[in-house]
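Here's the structure we're looking at; comments come further down.
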There are 2 protein chains.
Amino acid sequence: MTAAESPGAADEVAGVLVALADPTRRKLLDLLAARGEVSATTLAEGLPISRQAIVKHLAVLDAAGLVSCTRVGREVRYALRPAPLDATARWMASVAADWDRRLATIKRVAEAAEQQAGQSRPPAQ
Amino acid sequence: MTAAESPGAADEVAGVLVALADPTRRKLLDLLAARGEVSATTLAEGLPISRQAIVKHLAVLDAAGLVSCTRVGREVRYALRPAPLDATARWMASVAADWDRRLATIKRVAEAAEQQAGQSRPPAQ
DNA sequence: CTTTGATGCAACTCGATGGTTGCACAACCT
DNA sequence: AGGTTGTGCAACCATCGAGTTGCATCAAAG
């Protein structure tokens with residue numbers, strides 16, 4: 001269980017990664033960050049795609065926990081939810097650190113082996 | 001240019017996000033982290049999919065800069081490349097921080113407005 | 001030189017996904 | 001009541017992407 005901080009973290013992260021992989025979804029998050037609580041129709045005004053498409057994207061973002069919606073009268077306001085993004089950032093940093101560690105170890109071992117080989121026998125490859 | 005540290009960072013990040021969105025690709029990176037430099041065929045032995053599929057995934061990872069390949073005789077060894085992951089982690093953390101900032105501001109403004117409203121007229125909702 | 005094992009390329013299947021349109025329904029405003 | 005306006009639902013289309021198979025190719029070993 002390397003580079004994992006809490007059980008089930010990988011699951012949460014997976015959803016966030018999928019959600020962030022789409023440029024339209026990133027744009028959407030951008031707009032939400034800029035304008036606070038906004039309805040889907042309002043979001044649609046600033047984008048070249050239909051409201052329905054946006055609703056679907058918002059559903060994905062909601063499933064990833066990156067967004068939450070509250071009903072206000074007949075409209076539905078969507079708002080940012082930074083926590084999962086932060087968690088994913090931490091997860092990613094930890095994975096990167098893990099890789100660095102492993103690569104350093106591998107390099108060290110390789111050098112040791114080469115040293116060893118140089119003293120006893122000709123290079124294997 | 002909010003939450004961006006260097007020009008063109010978003011482009012690099014996009015590739016990494018797409019690459020990481022696929023679970024098979026993540027598994028692949030995991031294997032590479034565990035076993036160092038490995039060829040596609042070797043990777044295929046530990047996974048339930050064909051070598052060709054793996055090669056395609058490795059191509060995506062390579063395009064994202066997460067992996068590099070070097071030819072050794074007749075085989076091609078793939079190795080991890082942590083830098084883009086680290087960059088993406090930083091980008092993500094910076095975006096998360098930006099969101100927090102904005103949300104805090106919005107909340108502050110909302111509270112001020114409510115305060116204002118509370119002094120002159122009864123609560124709107 | 002022949003065989004063996006690894007790679008590269010291309011065509012194909014098929015499910016997921018981004019996007020659209022049309023319509024029904026609920027809520028707001030006169 | 002009656003007309004707007006915003007949502008939700010469902011069908012539908014097109015494309016992308018993951019995966020497969022088959023074959024050609026090229027380096028290494030005999």
Side-chain angles (χ1 to χ4, degrees), chain A residues 11 13-32 35-79 122-125, chain B residues 11 13-32 35-79 122-125:
Chain A
D11 279 356
V13 160
V16 174
L17 290 176
V18 170
L20 291 182
D22 185 84
T24 304
R25 239 125 52 194
R26 289 197 297 273
K27 181 70 178 177
L28 229 30
L29 291 172
D30 233 38
L31 287 179
L32 280 179
R35 312 175 53 167
E37 286 207 327
V38 194
S39 76
T41 1
T42 308
L43 257 342
E45 287 167 4
L47 288 179
I49 61 179
S50 76
R51 172 187 64 94
Q52 290 300 336
I54 293 191
V55 170
K56 287 190 190 178
H57 282 305
L58 287 172
V60 175
L61 292 172
D62 181 53
L66 287 168
V67 131
S68 70
C69 55
T70 54
R71 179 138 221 150
V72 177
R74 72 179 158 189
E75 71 180 26
V76 177
R77 306 270 180 79
Y78 291 84
Q125 197 155 49
Chain B
D11 279 356
V13 161
V16 174
L17 289 176
V18 170
L20 290 182
D22 185 84
T24 303
R25 238 126 54 195
R26 288 196 298 272
K27 181 70 178 176
L28 228 31
L29 292 172
D30 234 38
L31 286 179
L32 280 179
R35 311 176 51 170
E37 285 207 326
V38 195
S39 77
T41 356
T42 307
L43 288 183
E45 288 167 4
L47 288 180
I49 61 179
S50 75
R51 173 187 63 94
Q52 289 300 336
I54 294 191
V55 169
K56 286 192 190 177
H57 282 304
L58 287 172
V60 174
L61 292 173
D62 182 53
L66 287 168
V67 130
S68 69
C69 55
T70 55
R71 180 139 220 151
V72 176
R74 72 180 158 189
E75 72 180 25
V76 178
R77 305 270 180 78
Y78 290 85
Q125 198 162 46

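Every chain is numbered from 1 and lettered A, B, ... according to where its sequence line falls, protein lines coming before strand lines. On a predicted model such as this, the values are computed, not experimentally measured, just so you know.
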Checklist outcome for this item: With sequence neighbours left out, the residues meeting side chain to side chain contact (heavy atoms under 4.5 Å, CB included) with A:A79 are A:E37, A:S68
Item to check | With B:L31 via side chain to side chain contact (heavy atoms under 4.5 Å, CB included) - residues at least two apart | outcome: B:L43, B:L47
Checklist entry - Hey, is the side chain of B:T24 poking within less than 4.0 Å of OP1 or OP2 on D:dG19, counting only N and O atoms? => result yes
Next on the checklist: What's the closest nucleotide to the side chain of A:Y78 if the choices are D:dG6, D:dG8, C:dG18?
Outcome noted: D:dG8
Checklist entry - When rounded to the nearest 0.5 angstrom, what is the spacing between CG in A:D62 and SG in A:C69? => result 5.0 Å
Checklist entry - What is the minimum heavy-atom distance between A:V67 and A:Y78, and which atoms define it? => result CG1-CD2, 3.7 Å
Checklist outcome for this item: Nearest heavy-atom approach of B:A40 to B:I54 is O-CG2, 4.3 Å
Which pairs would a plain distance check flag for residues 18-27 of chain B, meaning a side-chain donor or acceptor within less than 3.5 Å of a matching protein atom at least two apart in sequence or in another chain?
unit_1	atom_1	unit_2	atom_2	d
B:D22	OD2	B:T24	N	2.9
B:D22	OD2	B:R25	N	3.1
B:R25	NE	B:A19	O	3.0
B:R25	NH1	B:H57	ND1	3.3
B:R25	NH2	B:V18	O	3.0
B:R26	NH1	B:L20	O	2.6
B:R26	NH1	B:A21	O	3.4

Item to check | Rounded interatomic separation in angstrom, taking CZ from B:R51 and C1' from D:dT25 | outcome: 12 Å
Checklist entry - Quick one: A:R26 CZ to C:dG18 P, roughly how many Å, whole number? => result 12 Å
Next on the checklist: The test is side chain to side chain contact (heavy atoms under 4.5 Å, CB included); show your working for B:L66 and B:V60 and say whether it passes.
Outcome noted: CA-CA 9 Å; B:L66 287 168; B:V60 174; over 6 Å; no
Item to check | Residues from residues 42-50 of chain B lying under 4.0 Å of DNA chain C - heavy atoms | outcome: none
Item to check | For DNA chain C, the residues among residues 52-67 of chain A that have a non-hydrogen atom under 4.0 Å from it | outcome: A:Q52, A:A53, A:K56, A:H57
Short N/O separations, protein against nucleotides 25-30 of chain C, under 3.5 angstrom:
unit_1	atom_1	unit_2	atom_2	d
C:dA27	N3	A:R74	NH1	2.9

Checklist entry - What nucleic acid atoms does A:R25 come within less than 4.0 Å of, heavy atoms only: base, sugar-phosphate, or nothing? => result sugar-phosphate
Item to check | Chi angles and distances behind the side chain to side chain contact (heavy atoms under 4.5 Å, CB included) call for A:V76, A:T70 | outcome: CA-CA 6 Å; A:V76 177; A:T70 54; over 6 Å; no
Item to check | Pairwise side chain to side chain donor-acceptor pair (under 3.5 Å) hits with a residue in residues 43-54 of chain A, at least two apart | outcome: none
Next on the checklist: Using the salt bridge (Lys or Arg N to Asp or Glu O under 4.0 Å) criterion, which residues pair with A:R77? Sequence neighbours excluded.
Outcome noted: A:E75
